[in-house]
Amino acid sequence: MSARSVLIVGAGIAGPTLAYWLHTYGFEPTVLERSPALRTGGHAVDIRGTARTVAARTGITAHVARAHTGAHGMAFVDHSGARLATLGTDGYGHSGGPVAEMAIRRTDLARILFDVSHDHVEYLFGDTVIAIDQDDDGVQVELASGVSRRFDLLVGADGIGSSVRQLQFGAPEEFIRDLGCYIALFSTPSTIDLDGWQLMHTMCAGSGRPGRTAALAPVPEQGRALAGFFWRSEPAGFDRDDVEAQRQLVRNTFDGDGWVIPELLATIEDAQDFFFDRASQVQMPSWSRGRVALLGDAASCASPMSGIGTSLAMVGGYVLAGELAAAEGNHHVAYARYEREMRGFADRAQAFARSSGDGGLMPRSRAHLWWRNASLRLLRLMPRQLVARGMERVASTVELRDYPVLAPH
């Protein structure tokens, strides 16, 4: 076997999935995470299509079920809270609807993957890679803490802002495609009984204001919910580390809007899990260079608009580990096979995100908003197989292989 030790940068979803399966196949994975500990709170994600099989093979399906957000559908409401259209999971199957059957907070899923892997995987928190030097025999990494270590292989699973990608492949602007909108998410106290429904209130563009949607989604904790804000905008041009400026931008964009938006904006200052980002995609001609490969959002972020990013991460981690096992550690062969297996899935997920992002959350006119609502109401009259097939087919692009377990060393 030509490679045993693998450094994985990023302890989100893709990294721990890869680490679990690398250990299963006889490798020695180490996971490096910039944050001092696993994060808490966080926004909801969905496990769809083939990723459900990965979850089952990893042995976490029951854990995911216990941590379910409680969401079983999405409803679009007007300024008074009256429902305009509903989209329930019962009409779309386990993977095809706007809310999948396996809905869980991202941080809860990361904790589950950590729990099933950490007894056999070295995890290092509160540190990051600042320099990478690879040669014919391995990869030397310098960490921010001053530590220098050597591994056979290196995988960057460190998100859309990947430091591994920047160090080995080039500047972010070479690979990041802007989708023209912002997303803000945070947990908040809520007096509304959501009863398992994610509520969406959309306002069209007009009077110098963009098309925009505010959302409220269930979380497991009683009396709390997840607030979400989505709006079309040119880049605002402030420091991405300036959290107060981000909060203020959300306030300015939604100030004066109805429904429960004033109550949500009043809690934004105290939100400890505030998430803010520009909706973007990562598009790269190749996901590997020498002994270094990229995985998950670092390689092919589809953006939160896709609803499939977590599934991409889990399936990608399983496939990359399996191909390394099948190639007995030969990274030249394994990386090429991994990309060949996953490229179609990533391309389809990104195309789906581009079409769905402009399809109703940020309408450009009243006519656009009216057509969106009318189309949603018509969906209930269409056959389930036809309605759900778009996302369901994308999420099931990859047909999983059974990979060999390597001999212990």
Side-chain angles (χ1 to χ4, degrees), residues 6-69 95 100-127 155-160 162 164 219-220 273 275 293-301 304 307-322 324-325 338 342 395 398 400 403 405:
V6 184
L7 176 63
I8 304 164
V9 181
I13 306 304
T17 301
L18 174 63
Y20 175 91
W21 285 103
L22 283 177
H23 167 75
T24 299
Y25 296 138
F27 292 82
E28 300 169 354
T30 296
V31 178
L32 180 70
E33 168 57 41
R34 178 192 300 268
S35 298
L38 291 174
R39 297 185 178 97
T40 59
H43 59 281
V45 297
D46 297 303
I47 302 175
R48 303 178 184 271
T50 309
R52 292 167 58 90
T53 305
V54 174
R57 293 185 181 185
T58 310
I60 64 171
T61 300
H63 301 288
V64 171
R66 285 193 291 271
H68 195 279
T69 62
S95 297
E101 183 182 71
M102 295 180 72
I104 183 174
R105 283 184 299 200
R106 183 184 182 278
T107 48
D108 290 340
L109 180 55
R111 167 64 66 178
I112 289 168
L113 289 166
F114 172 79
D115 287 344
V116 299
S117 63
H118 79 274
D119 284 345
H120 310 288
V121 173
E122 179 187 21
Y123 277 86
L124 304 174
F125 288 94
D127 211 346
V155 177
D158 47 344
I160 190 171
S162 171
V164 173
V219 295
D273 57 353
F275 169 86
L294 299 175
L295 176 66
D297 282 354
S300 57
C301 177
I308 311 177
T310 296
S311 300
L312 268 172
M314 294 182 68
V315 175
Y318 177 89
V319 169
L320 178 53
L324 281 166
Y338 148 69
M342 290 296 299
V398 177
L400 295 185
Y403 294 101
V405 177

- [ ] Could you check if a side-chain atom of Tyr338 sits within less than 4.5 angstrom of a side-chain atom of Leu295, using non-hydrogen atoms only?
- [x] yes
Task: Between OG1 on residue Thr69 and CG on residue Asp46, distance to nearest 0.5 Å - done: 8.0 Å
TODO: Indicate the atoms forming the closest heavy-atom contact of Val31 with Ala19, along with that distance.
DONE: CG2-CB, 3.7 Å
Task: Any Val155 side-chain heavy atom under 4.5 Å of Leu7 side chain - done: no
TODO: Take Met342 and Leu312 through the side chain to side chain contact (heavy atoms under 4.5 Å, CB included) test and state the conclusion after the steps.
DONE: CA-CA 8 Å; Met342 290 296 299; Leu312 268 172; 4.0 Å; yes
- [ ] Using a 4.5 Å cut-off on heavy atoms from C-beta on, say whether the side chain of Leu400 contacts that of Val315.
- [x] yes
Open item on the list: I'd like to check Ile112 versus Ile104 (side-chain heavy atoms, cut-off strictly below 4.5 Å). Are they in contact?
Closed with: yes
TODO: Could you tell me the separation between the CG atom of Leu38 and the CG atom of Asp108, rounded to the nearest 0.5 Å?
DONE: 11.0 Å
Open item on the list: Looking at every heavy atom in both Ser311 and Arg48, which two are closest together, and how far apart are they?
Closed with: OG-N, 2.9 Å
TODO: Can you sort out the partners of Tyr20 under ring-ring contact (aromatic ring centres under 6.0 Å, His included), two or more places apart, ordered by chain and number?
DONE: none
Open item on the list: Under the rule for side chain to side chain donor-acceptor pair (under 3.5 Å), what residues qualify as partners of Thr30, not counting sequence neighbours?
Closed with: Glu122
Open item on the list: Using every non-hydrogen atom in the two residues, find where Gly12 and Ala110 come nearest and quote the distance to one decimal.
Closed with: O-CB, 3.5 Å
Open item on the list: Could you report the tightest heavy-atom contact between Pro29 and Ile8, atom names first, then the distance?
Closed with: CB-CD1, 4.1 Å
Open item on the list: Less than 4.5 Å apart, side chain to side chain, heavy atoms only: is that true for Arg105 and Pro220?
Closed with: yes
Open item on the list: Please enumerate all residues that pass ring-ring contact (aromatic ring centres under 6.0 Å, His included) together with His68, with sequence neighbours excluded.
Closed with: none
Open item on the list: According to side-chain contact (heavy atoms from CB on, under 4.5 Å), who are the partners of Arg39, at least two apart in sequence or on a separate chain?
Closed with: Glu33, Ser35, Thr107
Open item on the list: Using the salt bridge (Lys or Arg N to Asp or Glu O under 4.0 Å) criterion, which residues pair with Arg57? Sequence neighbours excluded.
Closed with: Asp402
Open item on the list: List the residues meeting side-chain contact (heavy atoms from CB on, under 4.5 Å) with Ala55, not counting sequence neighbours, and say none if there are none.
Closed with: Ile60, Thr61, Met102, Met314
Contacts table for residues 113-121: side-chain donor-acceptor under 3.5 angstrom, sequence neighbours left out:
from: Ser117; atom 1: OG; to: Leu113; atom 2: O; distance (Å): 2.8
from: Ser117; atom 1: OG; to: Phe114; atom 2: O; distance (Å): 3.3
from: Ser117; atom 1: OG; to: Tyr123; atom 2: OH; distance (Å): 2.7
from: His118; atom 1: ND1; to: Phe114; atom 2: O; distance (Å): 3.2
from: His118; atom 1: ND1; to: Asp115; atom 2: O; distance (Å): 3.4

Open item on the list: With a 4.5 Å cut-off on side-chain heavy atoms, are Val6 and Glu28 touching?
Closed with: no
TODO: Could you pull out all residues at least two apart from Ser162 that satisfy side-chain contact (heavy atoms from CB on, under 4.5 Å)?
DONE: Asp158, Val164, Arg165, Leu294, Ala298
TODO: State which residues pass side-chain contact (heavy atoms from CB on, under 4.5 Å) with Ala321; sequence neighbours excluded, sorted by chain then number.
DONE: Leu18, Trp21, Leu22, Tyr25
